[in-house]
Amino acid sequence: MNNEFDVIVVGVGGMGSATVYELASRGFLVLGIDRYNIPNHMGSSHGISKIIRLAYHEDPSYVPLVRRSYELWHRLEQMVDEKLLVQTGTIRGGPEHGAMFSGSLKACQIHGLAHEVLDADALKRRFPSYTVPSGTMSVVQREGGFLLSEKCISSYVFAALELGAHINGRERVVNWEPTDLGVKVETDKGAYSAKHLVISSGSWVSSLVPQLLEFAKPEKQVVGWFRPLIPELFTIEQFPVFGLEVKQGRFYGFPDYDGRGLKVGCYHHFNEQVDPDDFDRAVSLNDEVLLRDFIGQYFPAALGSTLALQTCLFTNTPDGHFILDRHPEYPQVLLAAGFSGHGFKFASVVGEIMADLVEHKERDYDLGLFKLSRFLNN
Ligand SMILES: Cc1cc2nc3c(=O)[nH]c(=O)nc-3n(C[C@H](O)[C@H](O)[C@H](O)COP(=O)(O)OP(=O)(O)OC[C@H]3O[C@@H](n4cnc5c(N)ncnc54)[C@H](O)[C@@H]3O)c2cc1C
C-alpha cells in the first residue's frame with residue numbers, strides 16, 4: 001500500500017466511518033484507522049440502537065442538522081439496501097418547566113414540527129405501559145425513532161471500501177505531527193502521510209489532542225435490556241423511544257427490538273469520569289439496580305428478568321455541545337469530538353461537515369455552537 005493519502009481519519013466509529021465515506025465519495029484518497037475492531041464495543045457507538053429525534057431540547061439549532069441527518073441516513077439505507085433507521089415516534093416527558101419537556105416543545109414550536117402534548121392521564125390512555133406522576137407533561141413527535149448503530153458503521157465502511165477508501169482496523173495511532181505538506185501519522189504498525197487529518201477518536205481524543213483534556217471528558221455509562229412482562233406494550237409499533245425526566249434523573253429507552261427486550265439507560269448514569277484506557281468496564285449490581293428501580297416505578301409491565309447489561313462511554317464537553325472545528329494551531333487538522341452522549345444521530349451529517357471543512361466549503365448550517373474557541377478563549 002502506498003503510504004500517502006489525501007486525508008487520514010483517526011477513529012472509524014460513528015463519526016469516522018461517515019467521514020471516511022463522505023470523503024471517498026468526493027474523490028479523496030482516504031485512509032481510516034481504528035485501534036480496535038470495526039465496529040467495536042470499546043467506545044461510544046455500540047449498543048445496537050441509538051435514538052434519533054427532531055424534538056431537540058438541548059438547543060433548537062440542532063434541528064436543521066437532524067433533518068439533514070435523516071436525509072443522509074435514508075441515502076445510506078438505499079445505498080446498502082439495509083434498514084438502518086426504525087421510526088417509532090418519540091416521547092419526551094417530565095415536569096412542565098423541566099428542560100426535557102419545555103425544551104422539546106420549544107424545538108417543535110420554533111421549527112414547526114408536528115407534535116402533540118399529553119398530560120399524565122392522556123399519556124397513560126394512549127400508552128398504557130406508562131405510570132408517571134401527575135404533573136408530568138409529554139411531547140409526542142412522530143418522526144423520532146432509532147438507528148441501528150453498529151449496522152450504520154458497517155454500512156458506511158462497506159460503502160467507503162466500494163469507493164476505494166482504505167480502512168485499517170486493529171491499528172493504533174500513537175502520534176501525529178504537522179509537516180510542510182500536511183501531516184505525518186505514526187501507528188503501532190507503520191507511518192503514513194496526508195494533506196489533511198481528521199481526528200474522530202471519541203473518548204481517546206485528548207491523547208491525540210492534549211488541548212482537549214479539559215473539554216472532552218470520558219464518562220462511564222451502563223445500559224440494560226429487560227424482558228417485558230407484557231410484551232405487546234413494548235413493541236416498535238406500540239412503544240415510541242422515550243426520554244423521561246424524573247426525580248431520579250433523566251432516563252431514556254427503546255422498544256423491544258428483535259426480541260432483545262426493552263432497552264433503558266440513565267443519562268450520565270453515576271457521573272463516573274474515567275480514563276478510557278484504565279477503568280473497570282465490568283457492570284455492578286448497583287448499575288443494574290438503578291435501571292431496574294426506574295423501570296419498576298415508571299414501566300412496571302417491563303420489569304421481567306434482566307437480559308443484558310453493557311458499558312459504554314460518553315465524551316462530555318463542559319456545555320454538552322459538540323466540537324466540530326479546526327485544530328487551534330494546525331488548520332489541516334480537523335476535530336470531531338465531545339459528542340456528550342447525544343451524537344450518534346448526527347454521525348451522517350458530521351461526516352458531511354468534516355468533508356466540507358477539508359474542502360473549505362460552507363453550507364447554511366449554523367456551526368457556531370460547535371466552535372472550539374468557546375472553551376479555549378475563555
Ligand atoms: C450508553 C450510551 C447511549 C447513547 N445513546 C445515544 C442515543 O440514543 N442517540 C444518540 O444520538 N447518541 C447516543 N449516544 C452518544 C453516541 O453514541 C456518541 O455521541 C457517538 O457514538 C460518538 O461517536 P464517535 O465516533 O465520536 O466515537 P466512537 O464511536 O467511540 O469512535 C471512536 C473510535 O476511535 C477509535 N480510536 C480511539 N483512539 C484511537 C487511536 N489512537 N488510533 C486509532 N483509533 C482510535 C476507537 O477505537 C473508536 O472506534 C449514546 C452514548 C452512550 C455511551
Side-chain angles (χ1 to χ4, degrees), residues 8-20 31-53 56 58 62 65-66 69 73 90 144-147 149-150 152-153 156-157 167-176 185-189 197-209 216 218-224 241-243 251-254 263-269 274 276-277 287 291 309-317 320 322-324 335-351 354:
I8 293 174
V9 178
V10 186
V12 189
M15 307 304 158
S17 60
T19 304
V20 171
L31 169 65
I33 308 176
D34 201 289
R35 61 186 285 177
Y36 296 118
N37 295 339
I38 305 172
N40 61 65
H41 284 195
M42 302 298 282
S44 308
S45 297
H46 56 287
I48 303 161
S49 49
K50 302 281 181 182
I51 291 173
I52 182 165
R53 59 187 156 86
Y56 226 75
E58 289 84 346
Y62 282 96
L65 294 178
V66 193
S69 290
W73 290 122
T90 176
F146 60 89
L147 291 155
S149 52
E150 287 97 335
C152 290
I153 293 174
Y156 267 132
V157 166
I167 297 184
N168 297 353
R170 306 189 72 85
E171 177 168 357
R172 187 165 68 91
V173 172
V174 292
N175 194 24
W176 64 268
V185 170
E186 193 190 325
T187 75
D188 55 1
K189 292 185 178 166
L197 177 66
V198 176
I199 302 182
S200 51
S201 54
S203 286
W204 292 265
V205 70
S206 64
S207 65
L208 296 173
V209 189
E219 183 187 59
K220 178 179 176 177
Q221 308 294 309
V222 174
V223 289
V241 294
F242 74 85
F251 288 77
Y252 55 88
F254 303 72
K263 177 182 170 187
V264 169
C266 175
Y267 204 66
H268 292 305
H269 199 64
V274 295
D277 282 323
D287 294 316
L291 301 177
L309 294 160
Q310 193 176 57
T311 302
C312 187
L313 289 166
F314 279 2
T315 313
N316 299 317
T317 61
F322 313 153
I323 296 167
L324 302 174
L335 309 174
F339 291 95
S340 304
H342 62 117
F344 194 87
K345 65 184 77 57
F346 298 95
S348 55
V349 74
V350 167
M354 298 323 283

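Worth knowing before you read on, the calculation uses all heavy atoms, side chains too, and leaves out hydrogens, waters and symmetry mates. Counting starts at 1 for both ligands and their atoms, in listed order.
Here D34 contributes atom CG and M42 contributes atom CE; the two are 10.5 Å apart, rounded to the nearest 0.5 Å. Distance CZ/F346 to CD1/I52: 8.0 Å, rounded to 0.5 Å. Atom NZ of K345 and atom CZ of R53 lie 5.0 Å apart (nearest 0.5 Å). With values rounded to the nearest 0.5 angstrom, L31 atom CG is found 7.0 Å from E171 atom CD. Note that the CD1 atom of I199 and the CE atom of M354 stand 9.5 Å from one another [nearest 0.5 Å]. Annotation: the span from M15 atom CE to I153 atom CD1 amounts to 9.0 Å, rounded to 0.5 Å.
The protein atom (non-hydrogen) at minimum distance from atom 16 (C) of ligand 1 is F344 N, 3.5 Å. Shortest contact from atom 31 (O) of ligand 1 to any protein heavy atom: G13 CA, 3.4 Å. Looking at atom 29 (O) of ligand 1, its nearest protein heavy atom turns out to be S45 OG, 2.4 Å. Atom 34 (O) of ligand 1 has its closest protein heavy atom at G11 CA, 3.2 Å. With hydrogens left out, the protein atom closest to atom 27 (O) of ligand 1 is G202 CA, 3.7 Å, a heavy atom. The nearest protein atom to atom 8 (O) of ligand 1, hydrogens excluded, is given as I51 N, 2.6 Å; this is a heavy-atom distance. Of the protein's non-hydrogen atoms, K50 CD, 3.7 Å is the one closest to atom 5 (N) of ligand 1.
Considering backbone and side-chain N/O of M15, one or more are found under 3.5 Å from N/O of ligand 1. Ligand 1 has an N or O atom lying under 3.5 Å from an N or O atom of R35, backbone or side chain. For D34, a nitrogen or oxygen atom sits less than 3.5 Å from a nitrogen or oxygen atom of ligand 1, counting backbone and side chain alike. Where the criterion is an N or O separation shorter than 3.5 Å, residue side chain and backbone included, G14 meets it with respect to ligand 1. For a threshold of 3.5 Å applied to N or O pairs, the pair formed by C312 and ligand 1 contains no separation below that value. Between G343 and ligand 1, at least one pair of N/O atoms sits closer than 3.5 Å. At under 3.5 Å, not a single nitrogen or oxygen of Y252, backbone or side chain, sits near a nitrogen or oxygen of ligand 1. For V173, a nitrogen or oxygen atom sits less than 3.5 Å from a nitrogen or oxygen atom of ligand 1, counting backbone and side chain alike. Checked by distance only, ligand 1 and S44 come closer than 3.5 Å through their nitrogen or oxygen atoms.
By the criterion of a heavy-atom distance under 4.0 Å, the side chain of W204, and not its backbone, is placed next to ligand 1. Under 4.0 angstrom from ligand 1, the non-hydrogen atoms of H342 all belong to its backbone. With a 4.0 Å heavy-atom cut-off, ligand 1 is reached by the side chain of V223 but not by its N, CA, C or O. The proximity of M42 to ligand 1, defined as any non-hydrogen pair under 4.0 Å, does not occur for either the backbone or the side chain. The part of N40 lying near ligand 1 is the side chain, judged by heavy-atom distances below 4.0 Å. If you look at S200 next to ligand 1, the close heavy atoms, those under 4.0 Å, all belong to the backbone. At a heavy-atom cutoff of 4.0 Å, ligand 1 is contacted by the side chain of V10 but not by its backbone.
Summarising the geometry of S149 relative to S45, their closest heavy-atom pair is OG-O, 2.8 Å, with the distance given to 0.1 Å. Heavy atoms only, all atoms of each residue included: T317 and S340 are closest at N-OG, 3.1 Å. Nearest heavy-atom pair, G341 versus Y267, reported as atom, atom and distance to 0.1 Å: O-CE1, 3.7 Å. The heavy-atom pair separating K50 from C312 by the smallest distance is NZ-SG, 4.0 Å. When all heavy atoms of V9 and S200 are compared, the pair lying nearest together is CG1-OG, 3.6 Å. In terms of heavy-atom proximity, Q221 sits nearest to C266 at OE1-O, 3.6 Å.
Test V198, V209, L208, L197 against L335 for side chain to side chain contact (heavy atoms under 4.5 Å, CB included) and you get one pass: V209. With S17 as the partner, the side chain to side chain contact (heavy atoms under 4.5 Å, CB included) test is satisfied by one option alone out of I38, V12, I167: V12.
Remark: ligand 1 atoms within the under-4.0 Å shell around heavy atoms of I33 are 43 (C), 44 (N). Close approach of ligand 1 to L313 (heavy-atom distance below 4.0 Å) involves ligand atoms 53 (C). The distance from ligand 1 to the heavy atoms of F339 drops below 4.0 Å at these ligand atoms: 19 (O), 26 (O). Atoms of ligand 1 found under 4.0 Å from any heavy atom of F314, numbered from 1 in the order shown, are 2 (C), 50 (C), 51 (C), 52 (C), 53 (C). Remark: ligand 1 atoms within the under-4.0 Å shell around heavy atoms of G43 are 30 (O). When each atom of ligand 1 is checked for a heavy atom of K345 under 4.0 Å away, the hits are 9 (N), 10 (C), 11 (O).
Between Y56 and H342, the distance from one ring center to the other falls under 6.0 angstrom.
F346 does not count as a contact of ligand 1, since none of its heavy atoms falls under 4.0 Å from the ligand. At a 4.0 Å cut-off, at least one heavy atom of E171 sits close enough to ligand 1 to count as contact. Under a 4.0 Å heavy-atom criterion, G341 is in contact with ligand 1. No heavy atom of G47 sits closer than 4.0 Å to any atom of ligand 1.
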- Task: Determine, stepwise, if the pair K220 / T311 fulfils side chain to side chain contact (heavy atoms under 4.5 Å, CB included).
- Result: CA-CA 7 Å; K220 178 179 176 177; T311 302; 3.9 Å; yes
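Within the 4.5 Å cutoff, no side-chain heavy atoms of S201 are placed close to those of V173.
In this pair, Y62 and F322 present their aromatic rings perpendicular. The plane angle is above 60°, beyond the 30 to 60° band. Aromatic ring pairs are classed by plane angle as parallel below 30°, tilted from 30° to 60° and perpendicular above 60°; the pair H268 and F314 is perpendicular.
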